[in-house]
Structures are given as structure tokens and as C-alpha cells.
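Taking it in order: structure first as C-alpha cells, then the write-up.
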Amino acid sequence: MRLLDKIAVITGAGSGIGKATAKLFAKEGAFVIITDINRENGQETVSEIKADGGKAAFFEVDVANPEAVEATIKQIIESYKKIDILFNNAGISNVGRLDEVEPDVWDRIMSVNVKGVYLPSKYALPFMMEQKSGVIINMSSCAAEMGLAKRAAYSATKGAVLALTKAMQVDYAPYNIRVNALLPGTILSPFVENYLKTSYDDPEVAIEGIKKRQLSGDLGRPEDVAKAALFLASDESSFMMGSPLYIDGGVVFGKNA
Ligand SMILES: NC(=O)c1ccc[n+]([C@@H]2O[C@H](COP(=O)([O-])OP(=O)(O)OC[C@H]3O[C@@H](n4cnc5c(N)ncnc54)[C@H](O)[C@@H]3O)[C@@H](O)[C@H]2O)c1
């Protein structure tokens, strides 16, 4: 049990990577606080964890809403007395070149993906600083490091999250708080399945194209990222601080010519 008795808060844990991570953290002994804007999916994650013998609770919250995030973190602290792990995972994307992105879409992606990391961290950090321990995992993406077609707004947010992670680590290292980032490549989650459906006439052809750019020859699965999140959440990564961790089938550093 690598996370025995830890209180772990995961945003966007009703689906995909967040859900897979919640289930893995629970198996490793954590009490997992599932947060999501989607109540039905969040509650479903809790039910699955409980059916498996794990411990979890659900809080409905939009990570971009300051009042809601502050109230949720306060409620979590009141109920569970501490937050050991915060995984800022919730995120959204659109498809489009910069000139095709409408200002309201730009603002919403920035709000969910960047403000959605800032807000839960802002309200959880004072408690972590007081308890002189904590782990924060921020969800970036390989899009922070490589140019991807038609992902202007999304890439900007994930680059911001990576830079924010490094800045946060410097400020909170004196409080025994570690802050690291995950940089997944293409992971077959509902997020990507939806993107493939809406962007291509034939999603299967698109998947074959993505597989070709991977050294692994395949897309990742949410469980691949969950295992990396577990490593960052556990003491096994105690010497990792402000680091990007790639889970990408070789897409960033390899070249599949
Ligand atoms: N799937 C990939 O290939 C991939 C690659 C790199 C990074 N990521 C990042 O991983 C994270 C999770 O992606 P996923 O693939 O599991 O997606 P997903 O769509 O399956 O899950 C995202 C979850 O976030 C929730 N969410 C969305 N907006 C929210 C908000 N405002 N407040 C609270 N919850 C909200 C959704 O309801 C959903 O449950 C995202 O930040 C994404 O950018 C994904």
C-alpha cells in the first residue's frame, strides 16, 4: 500500500485519466476525493471504488469557479482534516488554429486548464504549508513541448501549467511540498475518442496516423498515466521536484521516421 491513509484530491476524476488514477490511488490505500463538474460520472467513480473495497467521496465543482473551489477545499479540510495529495487533472480542449479560436472559447480553455490548476492549489496550499507536507501533481501535456496542429489554445494552457509547476516548486520547497507535472502523449480516453470523432471522417484512420508517430506503435491508456501519477504521489519520487514526467510512447524525444 503505497498511499496508505493519505487523503488525495483529484480534479476531473469522473472520466479518463482522473478516474483511472482515483481507482489506483484507492487500491493503494488512499481515501480519494473525487471532484468533477459532471456529477453522474463523479458519483460513478466513487461507486466503482467502493465496490472494489476502497474509500472515496464525491464533490461537484467547476475548477474554474473561485467561490466553488474555495468552498470545496474548506469542506474537504473540515471533513477529512488534511490534504496530502492534490492532482490538478481536469482539462478541456478544442480543435483549431489560433485564427479559428473565438475569444470565449480561448477564455474557457484558459480558465479550466490554467485557472483550474491555480485555484485548487491556492486554497489547498495554506493547509499543506501548515502541515509542512504535501504533493501537488499538475496535468500538463506533450503539447507543452511540441507543436501540434490545430491545438493553439490547448498548447498555450499546457505550456503555462508546466511553467507554473516549476515556479510553484521553488516557492513551496521550504514547506516540504513537492510539485511536479505529468506530460502525457496521446492517451485513449473519452477526451481523445471525442476529438477523433469530431475531427476526422474516419477515426480509425486517424488512430493509425497517431500510432505511426509513436515509438511504442500504440496510443497510451489512462492506466499508463495513473501509474506515473502514483509514482509522483508516493514517497518513491521524493527526490523529484518541479519536474516534467513524460508518459508518451516516445513521441517527444523519439523520431519514428
Ligand atoms: N487524453 C490525452 O491524450 C491527454 C494527453 C495529455 C494531457 N491530457 C490531460 O489530461 C487531463 C485529463 O484528460 P482525459 O483524457 O482523462 O479527459 P476526459 O475528458 O476523459 O476527463 C476530463 C474530466 O475533467 C472534467 N472536467 C472538465 N471540465 C471541468 C471543470 N471545469 N471542472 C471540473 N471538472 C471538469 C470532465 O467532466 C471529465 O470528467 C486533461 O487535463 C487533459 O488535458 C490528456
Side-chain angles (χ1 to χ4, degrees), residues 9-24 33-46 48 58-69 72-73 86-95 105 107-120 137-146 148 151 153-162 164-165 181-199 206-207 210-211 213-214 216 218-226 228-229 232 244-249 251-252:
V9 177
I10 305 179
T11 69
S15 174
I17 295 167
K19 179 172 184 168
T21 305
K23 291 174 95 169
L24 184 59
I33 316 282
I34 310 296
T35 70
D36 206 291
I37 201 169
N38 185 318
R39 168 169 285 271
E40 202 182 323
N41 286 352
Q43 285 177 334
E44 175 61 28
T45 305
V46 172
E48 288 179 28
F58 173 70
F59 288 80
E60 182 180 342
V61 67
D62 176 350
V63 288
N65 179 327
E67 293 79 23
V69 174
T72 302
I73 296 287
L86 170 63
F87 180 15
N88 290 310
N89 164 74
I92 56 171
S93 185
N94 74 322
V95 178
V105 174
D107 286 346
R108 183 64 184 156
I109 295 177
M110 280 288 167
S111 286
V112 176
N113 294 8
V114 185
K115 203 172 173 188
V117 171
Y118 150 66
L119 288 172
I137 304 165
N138 292 334
M139 182 56 92
S140 179
S141 163
C142 287
E145 298 263 331
M146 58 193 286
L148 280 184
R151 288 293 196 296
Y154 180 73
S155 301
T157 66
K158 295 303 181 181
V161 169
L162 185 55
L164 175 62
T165 300
L182 289 171
L183 277 73
T186 309
I187 308 296
L188 198 56
S189 70
F191 179 90
V192 165
E193 280 167 338
N194 187 43
Y195 151 74
L196 290 169
K197 265 189 232 147
T198 52
S199 313
I207 287 190
I210 294 170
K211 283 182 180 174
R213 72 180 187 213
Q214 309 280 129
S216 61
D218 200 358
L219 280 68
R221 299 293 182 272
E223 290 72 21
D224 295 317
V225 186
L232 289 183
L245 181 56
Y246 299 86
I247 317 100
D248 71 343
V251 80
V252 169

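We count ligands from 1, going down the list as the structure has it; atoms in each ligand are counted the same way. Heavy-atom basis, side chains included; hydrogens, waters and symmetry copies ignored. Everything quoted here is computed from the prediction, not taken from an experiment.
Taking every heavy atom of S141 and a limit of under 4.0 angstrom, the matching atoms of ligand 1 come to 6 (C), 7 (C). Taking every heavy atom of I92 and a limit of under 4.0 angstrom, the matching atoms of ligand 1 come to 27 (C), 28 (N). Heavy-atom proximity to V112, at under 4.0 Å, picks out these atoms of ligand 1: 28 (N), 31 (N). The ligand atoms of ligand 1 that sit less than 4.0 angstrom from a heavy atom of R108 are 31 (N). Contact atoms of ligand 1 toward V192: 1 (N), 2 (C), 3 (O) (distance under 4.0 Å to a heavy atom of the residue). Atoms of ligand 1 lying under 4.0 Å from any heavy atom of G16, numbered from 1 in the order shown and given with element: 16 (O), 20 (O). Close contacts between ligand 1 and D62 involve ligand atoms 30 (C), 31 (N), 32 (N) [criterion: under 4.0 Å to a heavy atom].
Contact annotation: the side chain of T198 approaches that of N194 to within less than 4.5 Å [non-hydrogen atoms, C-beta and beyond]. In this structure the side chain of L182 reaches within 4.5 angstrom of the side chain of V225, judged on heavy atoms. Residues R108 and N94 form no side-chain contact, since every pair of their non-hydrogen atoms from C-beta on lies 4.5 Å or further apart. Side-chain atoms of E44 and E40, non-hydrogen and from C-beta on, never get closer than 4.5 Å to each other. The side-chain heavy atoms of N89 and T21, taken from C-beta on, include no pair separated by under 4.5 Å.
If you look at V63 next to ligand 1, the close heavy atoms, those under 4.0 Å, come from the backbone and the side chain alike.
Using a 4.0 angstrom heavy-atom cutoff, G42 does not count as in contact with ligand 1. In this structure, S140 counts as a contact residue of ligand 1, since one of its heavy atoms falls inside 4.0 Å of the ligand. Heavy-atom distances between N41 and ligand 1 stay at or above 4.0 Å for every pair. Within the 4.0 Å heavy-atom cutoff, T11 does not count among the residues contacting ligand 1. Note on ligand 1: V61 sits in its first shell, one or more heavy atoms being nearer than 4.0 Å. Within the structure, ligand 1 has K158 among the residues with a heavy atom less than 4.0 angstrom away.
Side chain of E193 to main chain of L188: no donor-acceptor pair is present (N/O by atom type, distance under 3.5 Å, no hydrogens or angles). Of the possible polar contacts, one joining the T11 side chain to the A90 backbone as a donor-acceptor pair under 3.5 Å is found. Using modelled atom types, no side-chain atom of T35 and backbone atom of E60 make a donor-acceptor pair closer than 3.5 Å. Formation of a donor-acceptor pair under 3.5 Å by the T45 side chain with backbone atoms of A13 is found in this model. When atom types are taken as modelled, the side chain of N113 and the backbone of I92 share a donor-acceptor pair closer than 3.5 angstrom.
Among protein heavy atoms, atom 4 (C) of ligand 1 sits closest to G185 O, 4.0 Å. Protein heavy atom nearest atom 24 (O) of ligand 1, with residue, atom name and distance: G12 CA, 3.4 Å. Ranking protein heavy atoms by distance to atom 29 (C) of ligand 1, first place goes to I37 CG2, 3.7 Å. Annotation: atom 19 (O) of ligand 1 to nearest protein heavy atom, F191 CB, 3.4 Å.
In this structure, of N89, D248, T21, the residue bringing a heavy atom nearest to atom 40 (C) of ligand 1 is N89. Closest heavy-atom approach to atom 20 (O) of ligand 1 within the set G14, A64, S15: this belongs to S15. Of all the listed residues (S189, G91, A226), G91 holds the heavy atom that lies closest to atom 22 (C) of ligand 1.
With rounding to the nearest 0.5 angstrom, the OG atom of S15 is 10.0 Å from the CZ atom of F191. With values rounded to the nearest 0.5 angstrom, E223 atom CD is found 10.5 Å from K19 atom NZ. Expressed to the nearest 0.5 Å, how far OG of S111 lies from CG of L119 amounts to 9.0 Å. The distance from the NZ atom of K158 to the CD atom of E145 is 13.5 Å, given to the nearest 0.5 Å.
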Inset, instruction - Show your working on side-chain hydrogen bond (donor to acceptor under 3.5 Å, both in side chains) between R213 and T186 and close with a plain yes or no. - result: CA-CA 10 Å; R213 72 180 187 213; T186 309; 2.9 Å; yes

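On a distance-only criterion, T186 and ligand 1 share no N/O pair closer than 3.5 Å. Note: an N/O pair closer than 3.5 Å links D36 and ligand 1 by distance alone. Ligand 1 has a nitrogen or oxygen under 3.5 angstrom from a nitrogen or oxygen of I17. At under 3.5 Å, not a single nitrogen or oxygen of M139, backbone or side chain, sits near a nitrogen or oxygen of ligand 1. When only interatomic distances are considered, the shortest N/O to N/O separation between I187 and ligand 1 falls below 3.5 Å. Taking distance alone, with nitrogen or oxygen atoms compared against 3.5 Å, Y154 approaches ligand 1 more closely than that limit.
The number of heavy-atom neighbours closer than 6.0 Å to CZ of F58, taken from other residues, nucleotides and ligands shown, is above 12.
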